[in-house]
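I have placed the structure first, in the form of C-alpha cells, so that the comments after it can refer back to it.
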Amino acid sequence: MSVRVRFAPSPTGFLHIGSLRTALYNYLFAKHHGGTCILRIEDTDRTRLVEGAIEEQISSLAWAGVVFDEGPHVGGNYGPYTQSERFDLYRTYGMQLVENGTAYYAFDTSDELDAMRQRQQAAGIAPKYDRSSMRNQYTLGEQETARLLAEGALHVIRLKVPLTADVRFHDQIRGDVVVNGREIDDQILLKSDGFPTYHLANVVDDHLMEITHVIRAEEWLPSTPKHVLLYEAFGWTAPTFAHVPLLLNPDRSKMSKRHGDVMVRDFAAKGYFPDALVNFVALCGWHPGGDNEKFSMEELIDAFSLERVNKAGAVFDYKKLEWMNSEYLRSRDPHQLATALLPTLTERGYTRIEPAFVADVIALLRERVTFLAEIAEFGDYLFGDTLCALSDETQAALTGNQGVVDALRAFHEGFSDATLTDEATFKAHAQASAEHASIKMGAMMKPLRLVLTHRDVGADLFRTLQLIGADRCSHRLASFLS
RNA sequence: GCACCGUUCGUCUAGGGGUUAGGACACCGCUCUUUCACAGCGGUAACACGGGUUCAAUUCCCGUACGGUGUACCA
C-alpha cells in the first residue's frame, strides 16, 4: 500500500516554525517512500478563524519548499480538502455512531458542565464528563431524549468511552502506549452548532482520505486513545501514529513568541534562506546518523526515517540557525546572490551596483556576516560614496598621530605615479609609505582602513582597496588629509 | 491533582552491557594574516538520582526526582 500522509493545520494564524517542521517531516516521509503528501485545512472552529491564514500558511510552506500533491489549492481525488466544505459528512458519520451505540446525545449547557467540573475539583477527582449524572440520552431516557430532539433542543454528540478497558496503540516513535478507559473523557464529537470537533473530523477525514501514517506533534499524544476508540467504533483500521517531539523555548516550554521569532514569515523577513531553515529545523529532533549536518531537500528526503526521530523535545537554538544560514551564504554562487541583493542596493540609493562588481563584493564580505542583506549595510563604502560617520574620538586619534598622518600622506602622494590595480600593488605601496614615515606596517593598516572605509573591521584590506578603486581611495584620502 | 511522554556537554545530538563517551553550535585559547575579522589548530564541558539484573551498567529493569504535554461544545 502506498504511503499517504497529511499536514492538517488550522487557519488560526501564521505558520509556526513548529508546524513547518511537522509538515516537513510528513513531506520527507512521503517523498522518501514515493508516497503522497496532502494538505488539509481543519477549520471546524468557526470562532478562531483568521482571515488570510490559509493563504499565508500555504505560501510559507511553499517558500520552504514543502509542496503538496493534494490539497485545497491543488485539488485531488479525495476532496474537498477543507473541513468546512465537508460539513454534512461529519454529521452523517457521527449519527452512525449514535445508531451503533458508541456515541450518544447530551443536552448539558456550558454552565452545567462548569458546575460539574467545579464539583469534581472540590471532591478531588479528575474533571471528566459524568455520564451517569448529567443530562444525556442515558439519564433522560429514550422518550425524553426524543422529545428534546423533536423540540429542537441544543445538543451535542459524545463518544461513549468504554469504562474500564485498556486502550492501546503503537506509536512509531514512542513505542507501545496504554491508557485505561477510565482516564478518557466522553469526548464531544459534534458540537451544538452542528460542526464536528477536531477528533471526529480528523478521524473521519484520515479514513476517507486513506491516510496511512499520522505524523503530528507530541501534544496530540494524550488524545490519541480517543482517536483509536473512534476508529474502533467505526470499525475502521487505524493508521500508524508517529508523534514527533516538540520544539522548545530555552526554558523548555513549548516554543512561543516570548523568546524570539516563531513564525516562518518572520524568519523569511529576517533574511534566512529557506533551505537553511529547512536544513536546521529538520535536524531539531531528527538525526540521520553520521557527522554531516548540511542537507539539501533531496538529501533530506533520501535520509529521512521515522526510526531516527528523537523522543525528547528540542530547544530551538537561534545561534546555530544563524550559523547554518551563514554556511549557506558562503556556499551559494555570488552571482545569484548579487541578483538577490540588487533590489536592496537600489533601494538604498547606491551607485556602484553593476552585477559583476556586486558579486565581487559579496564574495569578499560574506565571510563575516550571517545574512545576505547585511552586506548592503556593511559594504556601504564599496557600493557608494557616502561613508558612515567617523567619531570625533577616532578622528582625533588619527590626526593626532604624526607618524600615521605622514604615512597616509605618503600613501596618497604616491597615487599619481603608482599603478594601483591589484592587491599586491596596493600592499607594496602601503609598505613603502609606512617605511617612508618610519612606522610599522601594523600601525598603518588600521588607520588606512578607517580613512578609506570609515570602519574598523572588514575583510582583507588590500582586496577591499582594490575594489574601492584607486580613484576613490585617492579622493577619500585627500578629503581626510585636508 | 490525574494521565501520558520524556531526561547524554549550556544547546542540537551520536553511541551503546566492557569506549580516552564522538560530532556540531556557543564559549575560551593558540597560530596565521606585520590590523580587526575570516580561516586553521586546540581546549573547557555531559550519561538526573537511587535501587536491582550482571563478572561488568551511562546503556537493560524498577522506583524517585525533575521537566514537558494533555486534561475545552480549541486545534
Side-chain angles (χ1 to χ4, degrees), chain A residues 8-12 42-48 106 108-110 113-114 117 120-121 124-129 154-158 171 173-175 177-180 182-185 187-199 201-202 216-225 243 245-246 248-254 280 283-294 308 310-324 326-327 330 364-369 427 430-431 434 440-450 455-462:
Chain A
S10 291
T12 55
E42 309 218 325
D43 57 348
T44 55
D45 184 354
R46 311 312 290 165
T47 66
R48 295 206 310 157
D108 317 280
T109 64
S110 327
L113 291 170
D114 286 346
R117 285 186 200 106
Q120 290 168 330
Q121 272 188 342
I125 355 173
K128 184 173 172 259
Y129 185 74
L154 280 184
H155 65 276
V156 300
I157 304 292
R158 284 182 182 269
D171 187 281
I173 293 168
R174 275 145 224 288
V177 180
V178 185
V179 178
N180 192 281
R182 88 175 77 87
E183 310 293 348
I184 305 168
D185 204 3
Q187 182 64 49
I188 290 180
L189 266 19
L190 284 164
K191 304 184 247 187
S192 56
D193 66 359
F195 269 84
T197 56
Y198 167 88
H199 308 280
N202 190 265
R216 62 182 13 164
E218 188 185 356
E219 56 198 337
W220 291 107
L221 195 54
S223 52
T224 303
H243 289 91
L246 261 19
L248 271 24
N249 289 316
D251 67 3
R252 305 203 76 86
S253 57
K254 192 158 79 169
F280 175 75
L283 260 20
C284 282
W286 169 76
H287 196 279
D291 285 342
N292 183 25
E293 291 196 285
K294 309 271 282 297
R308 294 197 70 94
N310 284 57
K311 293 182 174 77
V315 173
F316 193 90
D317 187 347
Y318 290 90
K319 273 274 193 299
K320 189 155 184 179
L321 205 215
E322 288 187 0
W323 165 78
M324 184 67 84
S326 67
E327 287 290 303
R330 289 164 198 214
L364 178 68
L365 296 183
R366 65 173 166 184
E367 296 289 314
R368 40 173 311 95
V369 299
K427 186 172 183 177
Q431 273 166 334
K440 284 188 289 191
M441 180 67 161
M444 167 92 179
M445 300 280 276
K446 193 166 181 182
L448 204 49
R449 181 186 295 282
L450 275 168
R455 291 180 187 273
D456 54 6
V457 296
D460 180 84
L461 181 56
F462 300 111

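The chains referred to below are lettered A, B, ... by the order of the sequence lines, with proteins before strands, and numbering in each begins at 1.
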Rounded to whole angstroms, how far apart are [atom1] on [X] and [atom2] on [N]?
{"X": "A:R455", "N": "B:rC36", "atom1": "CZ", "atom2": "P", "answer": "19 Å"}
{"X": "A:N310", "N": "B:rU13", "atom1": "CG", "atom2": "C1'", "answer": "7 Å"}
{"X": "A:K128", "N": "B:rC2", "atom1": "NZ", "atom2": "P", "answer": "16 Å"}
{"X": "A:N249", "N": "B:rG10", "atom1": "CG", "atom2": "C1'", "answer": "16 Å"}
{"X": "A:K294", "N": "B:rC25", "atom1": "NZ", "atom2": "C1'", "answer": "13 Å"}
{"X": "A:R449", "N": "B:rU33", "atom1": "CZ", "atom2": "P", "answer": "16 Å"}
{"X": "A:L283", "N": "B:rU13", "atom1": "CG", "atom2": "P", "answer": "9 Å"}
{"X": "A:L461", "N": "B:rC38", "atom1": "CG", "atom2": "P", "answer": "17 Å"}

Whole-Å [atom1] distance, [N] and [M]:
{"N": "B:rC12", "M": "B:rC74", "atom1": "P", "answer": "35 Å"}
{"N": "B:rG16", "M": "B:rA39", "atom1": "C1'", "answer": "36 Å"}
{"N": "B:rU53", "M": "B:rG15", "atom1": "C1'", "answer": "22 Å"}
{"N": "B:rA37", "M": "B:rA26", "atom1": "P", "answer": "15 Å"}
{"N": "B:rC9", "M": "B:rA48", "atom1": "C1'", "answer": "14 Å"}
{"N": "B:rA45", "M": "B:rA21", "atom1": "C1'", "answer": "13 Å"}
{"N": "B:rG67", "M": "B:rU8", "atom1": "C1'", "answer": "16 Å"}

Only pairs with both distances under 3.5 Å count, Watson-Crick or wobble alike; so what is the partner of [N] in this structure?
{"N": "B:rU7", "answer": "B:rA65"}
{"N": "B:rU34", "answer": "none"}
{"N": "B:rG42", "answer": "B:rC28"}
{"N": "B:rC55", "answer": "B:rG18"}
{"N": "B:rC47", "answer": "none"}
{"N": "B:rG70", "answer": "B:rC2"}

What nucleic acid atoms does [X] come within less than 4.0 Å of, heavy atoms only: base, sugar-phosphate, or nothing?
{"X": "A:D456", "value": "base"}
{"X": "A:K311", "value": "sugar-phosphate"}
{"X": "A:V156", "value": "base"}
{"X": "A:G290", "value": "nothing"}

Quick check on [N]: is either OP1 or OP2 less than 4.0 Å from any side-chain nitrogen or oxygen of [X]?
{"X": "A:R117", "N": "B:rG1", "value": "no"}
{"X": "A:R252", "N": "B:rC12", "value": "yes"}
{"X": "A:R308", "N": "B:rU13", "value": "no"}
{"X": "A:T12", "N": "B:rC74", "value": "no"}
{"X": "A:K427", "N": "B:rU34", "value": "yes"}
{"X": "A:N180", "N": "B:rC2", "value": "no"}
{"X": "A:K191", "N": "B:rC74", "value": "yes"}
{"X": "A:K254", "N": "B:rG70", "value": "yes"}

More than 12 heavy atoms of other residues, nucleotides or ligands under 6.0 Å from NZ of A:K446: yes or no?
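No, NZ of A:K446 has 12 or fewer neighbouring heavy atoms, counting only those of other groups under 6.0 Å.
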Looking at A:R182, I'd like to know if its CZ atom is crowded, meaning that more than 12 non-hydrogen atoms belonging to other residues, nucleotides or ligands lie closer than 6.0 Å.
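Open: at most 12 neighbouring heavy atoms sit under 6.0 Å from CZ of A:R182.
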Does any non-hydrogen side-chain atom of [Y] lie less than 4.5 Å from one of [X]?
{"X": "A:N292", "Y": "A:K294", "result": "yes"}
{"X": "A:R455", "Y": "A:R449", "result": "no"}
{"X": "A:D171", "Y": "A:L221", "result": "yes"}
{"X": "A:I188", "Y": "A:Y129", "result": "no"}

Which of these, A:K311, A:R216, A:R174, sits in a side-chain hydrogen bond (donor to acceptor under 3.5 Å, both in side chains) with A:H243?
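Result for side-chain hydrogen bond (donor to acceptor under 3.5 Å, both in side chains) with A:H243: A:R216.
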Taking the six-membered ring where the residue is Trp, are the ring centres of A:F280 and A:F316 under 6.0 Å apart?
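Here the rings of A:F316 and A:F280 have centres that are less than 6.0 Å from each other.
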Side chain of [X] - closest among [options]:
{"X": "A:E293", "options": "B:rA72, B:rG23, B:rC4", "result": "B:rG23"}
{"X": "A:H287", "options": "B:rA14, B:rU35, B:rA72", "result": "B:rA14"}
{"X": "A:E367", "options": "B:rU35, B:rC38, B:rA75", "result": "B:rC38"}

Does A:S192 contact B:rC73 through a side-chain donor or acceptor facing the base, at a distance under 3.5 Å?
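Per atom types, the contact qualifies.
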Residue whose closest nucleotide on RNA chain B lies nearer the 5' end, A:A314 versus A:T197
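That would be A:A314.
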